[in-house]
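Along the sequence shown, residues are numbered consecutively beginning with 1.
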Amino acid sequence: MFNKILIANRGEIACRVAATCRRLGIRTVAVYSDADANARHVALCDEAVHIGGAAARESYLRGDHIIEMAKATGAQAIHPGYGFLSENDGFADACAAAGLVFIGPPASSIRAMGSKSAAKRLMEEAAVPLVPGYHGEDQDPALLRHEADRIGYPVLLKASAGGGGKGMRVVEASEGFEAALASVQREASASFGDDRVLVEKYLTRPRHIEIQVFADTHGNCVYLFERDCSVQRRHQKVLEEAPAPGMSEERRRAMGEAAVAAAQAVGYVGAGTVEFIANQDGSFYFMEMNTRLQVEHPVTEMITGQDLVEWQLRVASGEPLPLKQDQLRIHGHALEARVYAENPDKGFLPSTGTLRYLRTPAAVTFALGHDGDGPAGVRIDSGVREGDTISPYYDPMIAKLIVWGRDREEALARMAQALAEYHVVGLSTNIAFLQRLVTSQAFRTADLDTGLIERNQAALFPPSAQVGTETIALAVAALVDAETRARRVDPADAHSPWQNAGAWRLNGDASSQFRLRTSEGETLASLRSDGGKQWLTVGDQTVPFRATTHGGGYALDLGARTVKGSTHLDGESLYVFSGAQQTRLEVIDPLAHAGTADAEGGKLVAPMPGRIIAVMVQAGAVIGKGDPLIVMEAMKMEHTLTAPADGVVQEVLYAIGDQVQDGAQLVTLEDVVA
């Protein structure tokens, strides 16, 4: 086993590797960019070295510099995590040349599986089932379109060197092929430095099921069962679970053995994932092999009780696999939800900003084992803390929330509860969306396929609900608390009569008013005390009001209803958390800046920081609502910005290649004069 390793990554995977190494007594070296000087993974490792600027190409992708740092710090091995250099065969070769162990598969295996088209040919030779498609080297656009026409629409265009949902488009008809191909090639070139694509038949209502495989240098190879990763948006996974619902033992064995055959066909060593697309009838086809540990590996760990990072370390140091196939067992059910800084209501646009307030459910950072009822019920793998910044330079993941239950029903209940207790202020998140997803009829009944989110738009993206009396009541409870604390003259003197100063009046009822602005407008709430009782009036509704503290929040008695929730006051913004729903209210001080109207018509602005990669209009162009105007690249994905209304382009303010900030005006527009 190694004495010291360098972790050539960041975020939650770097923290995850550091945790296992600490348990095994292995010293760790963190690398960090300008943006990550104070990051959590840096604090968790024994040593840390600076490797460059904030952009990944200036830091985490500098393989030569990372190898220099490993040698300088006396590390014996490099763990690449996932992403960045984890599937870079040149980096694996360079590690070997420098006398360092690359904790991953041989470079030859990475090369074999790195090209999706070449991998498909290898799998065909190994008798692994394949989806009908074109995987050739000839990339002439006319030939690609001809092949798509031959296969039959819909087809899926996929970057040959891709992964992680980057460089993928579904083409519904021949007429849309040319534009989709250009977009995929741009994204593939930007993400992987390779614009080659393959064309495959797009299956309707398929499930995405992947098999975790592990091989050692002694000729052993096993599969650690399956994960269902069907719930996706833009080909990126949102929820993962293990085992896959409805999986028979016969089908599990067939898919596992096919995955092992795929790994053995390329002389694989270490952790890998073989991804399959599966029809509802049980047939399945090879998609690709990820030659690294996957983001969703915790669900496999939770149902098997095995630490896959420890397996990686042992295999890389020359040891045989810890267990044989017949020693592996499935225990219970696990779910993983990816908590992202993004806005689901705006097409899942990434969100950047500071985590000004972060409260998570009671959980362990990492735990395995199946003593008693099983592993810890809730686990959080995260690379950030309160006060950290989600920047535009890297993936906007805040955390992976993983739960375990004795069965799927218990795991679902735990996930819903954990999401309800996950509170973030400072940027947009997908937490409320995840709550709607795990409680939806389709997911609860395991009616799974990769189009689940699109098929259930109405349930998953309901119209914004009006802010109810319960939410206002929780806000009032928080404001009363804040006023009470502010009136205390001497907090250290518990016997001071001023400690409990309330709104007492000599000749009348005590009454307080609170002005709050919601998304619908201004709301006036009045709290009146009468004979030892309190009454809350919101609009034309008056209810009894009694507040007590409860688990860091409040329990409110509103007559026939009991409401529980918590709040966070951040300047003039008051955040109310009830269930997984977060509501932002503005506290209005009538004596200060009494409401300003913000009419921002006549322009198109950047919804996030990013780089301009295409400009589709010029000054003087007449446009219609919804016409594409600008294409931005942010967080490795393309985002097409469309016209908000009919009009005429007055001026385009940025050019291709320009970097823009969140909120920057991109295009000036004027209304069409009838």
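Nearest heavy-atom pair, Ala54 versus Ser59, reported as atom, atom and distance to 0.1 Å: O-OG, 4.0 Å. Here the closest heavy-atom approach between residue Val309 and residue Glu301 is recorded as N-OE2, 4.0 Å. The shortest heavy-atom contact between Gln212 and Gly272 is NE2-O, 3.0 Å. Taking each heavy atom of Arg121 and Gly136 in turn, the nearest pair found is NH1-CA, 4.3 Å. Closest approach of Ala337 to Leu239, counting heavy atoms only: CB-CD2, 3.6 Å. Heavy-atom minimum distance, Ile78 versus Ala8: CG2-CB, 3.7 Å.
Atom OG of Ser108 is separated from atom CG of Asp89 by 9.5 Å, given to the nearest 0.5 angstrom. The line from CG of Asp395 to CD of Glu342 is 9.0 Å long, rounded to the nearest 0.5 Å. Distance check, rounded to the nearest 0.5 Å: CG of Leu198 to CD of Glu288 gives 9.0 Å. Separation of atoms CG (Leu224) and CG (Leu308) is listed at 6.0 Å; rounding is to 0.5 Å. A distance of 10.5 Å separates CD1 of Ile151 from CG of Leu156, quoted to the nearest 0.5 Å. Expressed to the nearest 0.5 Å, how far CG of Leu293 lies from CG of Asn9 amounts to 10.5 Å.
In the model, Arg436 has no side-chain atom that pairs as donor or acceptor with a side-chain atom of Ser440 under 3.5 Å. Side-chain atoms of Glu87 and Thr291 form a donor-acceptor pair, as typed in the model, at a separation below 3.5 Å. Between Asp307 and Thr20, the side chains place a donor N or O and an acceptor N or O closer than 3.5 Å (distance only, hydrogens not considered). Side chains of Asp149 and Ser174: a donor on one and an acceptor on the other come within 3.5 Å. Side-chain polar atoms of Glu241 and His333 form a donor-acceptor pair below 3.5 angstrom. No hydrogens or angles considered: a donor-acceptor pair under 3.5 Å links the side chains of Gln294 and Arg292.
For Arg145, the salt bridge (charged side-chain N to carboxylate O under 4.0 Å, His left out) criterion is met by no residue, not counting sequence neighbours. Residues forming a side chain to side chain donor-acceptor pair (under 3.5 Å) with Glu250 (at least two apart in sequence, or on another chain): none. Leu604 is linked by a side-chain contact (heavy atoms from CB on, under 4.5 Å) to Leu629, Ile630, Leu641, Pro644, Val667, counting only residues two or more places apart in sequence or in another chain. For Ser183, the side-chain contact (heavy atoms from CB on, under 4.5 Å) partners at least two apart in sequence or on another chain are Arg169, Arg186, Glu638. Annotation: side chain to side chain donor-acceptor pair (under 3.5 Å) contacts of Thr429 (sequence neighbours excluded): none. Evaluation of the side-chain contact (heavy atoms from CB on, under 4.5 Å) rule for Val197 yields Gln139, Leu144, Leu181, Val184, Gln185 as partners, not counting sequence neighbours. With sequence neighbours excluded, the residues forming a side chain to side chain donor-acceptor pair (under 3.5 Å) with Glu240 are Arg338, listed by chain and number. Scored by the side-chain contact (heavy atoms from CB on, under 4.5 Å) test, Ala259 finds Ile211, Val213, Val274, Phe276 as partners (sequence neighbours excluded).
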Exercise. When you look at Asn220 and Phe214, which way does the side chain to side chain contact (heavy atoms under 4.5 Å, CB included) test go after all the steps?
Worked result: CA-CA 8 Å; Asn220 303 306; Phe214 236 106; over 6 Å; no
Check: Where do Tyr394 and Ser33 land on the side-chain hydrogen bond (donor to acceptor under 3.5 Å, both in side chains) test, with the steps shown first?
Finding: CA-CA 11 Å; Tyr394 315 117; Ser33 68; 2.6 Å; yes
### Task
Evaluate the side chain to side chain contact (heavy atoms under 4.5 Å, CB included) criterion for residues Met255 and Met247: first the C-alpha distance (whole Å), next the side-chain angles of each, then the deciding distance (0.1 Å), finally the verdict.
CA-CA 10 Å; Met255 295 186 76; Met247 176 69 74; 3.8 Å; yes
What verdict does the side chain to side chain contact (heavy atoms under 4.5 Å, CB included) test give for Met113 and Leu122, after you've listed the backbone C-alpha separation in whole Å, the side-chain angles of each residue and the deciding distance to 0.1 Å?
CA-CA 9 Å; Met113 287 298 188; Leu122 278 172; 5.6 Å; no
* To do: Apply side chain to side chain contact (heavy atoms under 4.5 Å, CB included) to Tyr153 and Phe177, showing your working.
  => CA-CA 10 Å; Tyr153 295 90; Phe177 186 87; 4.1 Å; yes
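In this structure, Ile110 and Pro105 have side chains that are in contact, with non-hydrogen atoms separated by less than 4.5 Å. Side-chain contact between Pro298 and Asp381: present, with at least one pair of heavy atoms (C-beta onward) separated by less than 4.5 Å. Side-chain contact between Cys95 and Ile67 is present, with at least one heavy-atom pair separated by less than 4.5 Å. Using a 4.5 Å heavy-atom cutoff, the side chains of Met415 and Ile402 are not in contact. Using a 4.5 Å heavy-atom threshold, the side chains of Arg455 and Arg205 count as touching. Within the 4.5 Å cutoff, the side chain of Arg253 has heavy atoms near those of the Tyr223 side chain. For the pair Ile66 and Leu61, the minimum side-chain heavy-atom distance is 4.5 Å or more. For the pair His208/Asp449, no side-chain contact is recorded, criterion being any heavy-atom separation below 4.5 Å from C-beta on.
Proximity of a side-chain donor or acceptor of His41 to a complementary backbone N or O of Val31 within less than 3.5 Å is detected. No donor-acceptor pair closer than 3.5 Å links the side chain of Gln264 to the backbone N or O of Ala126. Counting only distance, with no hydrogens or angles, the side chain of Asn456 and the backbone of Ile453 share no donor-acceptor pair below 3.5 Å. Proximity of a side-chain donor or acceptor of Asn88 to a complementary backbone N or O of Phe91 within less than 3.5 Å is detected.
Salt bridge annotation for Glu454-Arg233: absent, with no cationic side-chain nitrogen under 4.0 angstrom from a carboxylate oxygen. The residues Glu147 and Arg150 are annotated as salt-bridged, a charged nitrogen and a carboxylate oxygen being separated by less than 4.0 angstrom. Using a cut-off of 4.0 Å between Lys/Arg side-chain N and Asp/Glu carboxylate O, Arg314 and Glu310 are scored as salt-bridged.
Sorted by first and then second residue, the ring-ring contact (aromatic ring centres under 6.0 Å, His included) pairs involving residues 237-275 (not counting sequence neighbours) form an empty list. Among residues at least two apart or in separate chains, salt bridge (Lys or Arg N to Asp or Glu O under 4.0 Å) pairs with a member in residues 211-230 are Arg207-Asp228, Glu210-Arg227, Glu226-Arg252. Every pair passing salt bridge (Lys or Arg N to Asp or Glu O under 4.0 Å) that includes a residue from residues 259-284 is listed here, sequence neighbours excluded: Lys237-Glu275. Within the structure, salt bridge (Lys or Arg N to Asp or Glu O under 4.0 Å) pairs that include any residue of residues 170-182 do not occur (at least two apart or interchain).
In this pair, Phe348 and Phe433 present their aromatic rings perpendicular. The plane angle is above 60°, beyond the 30 to 60° band.
Taking the ring centre of Phe443 as origin, the terminal cationic atom of Arg408 falls inside the region bounded by 6.0 Å and 45° from the ring axis.
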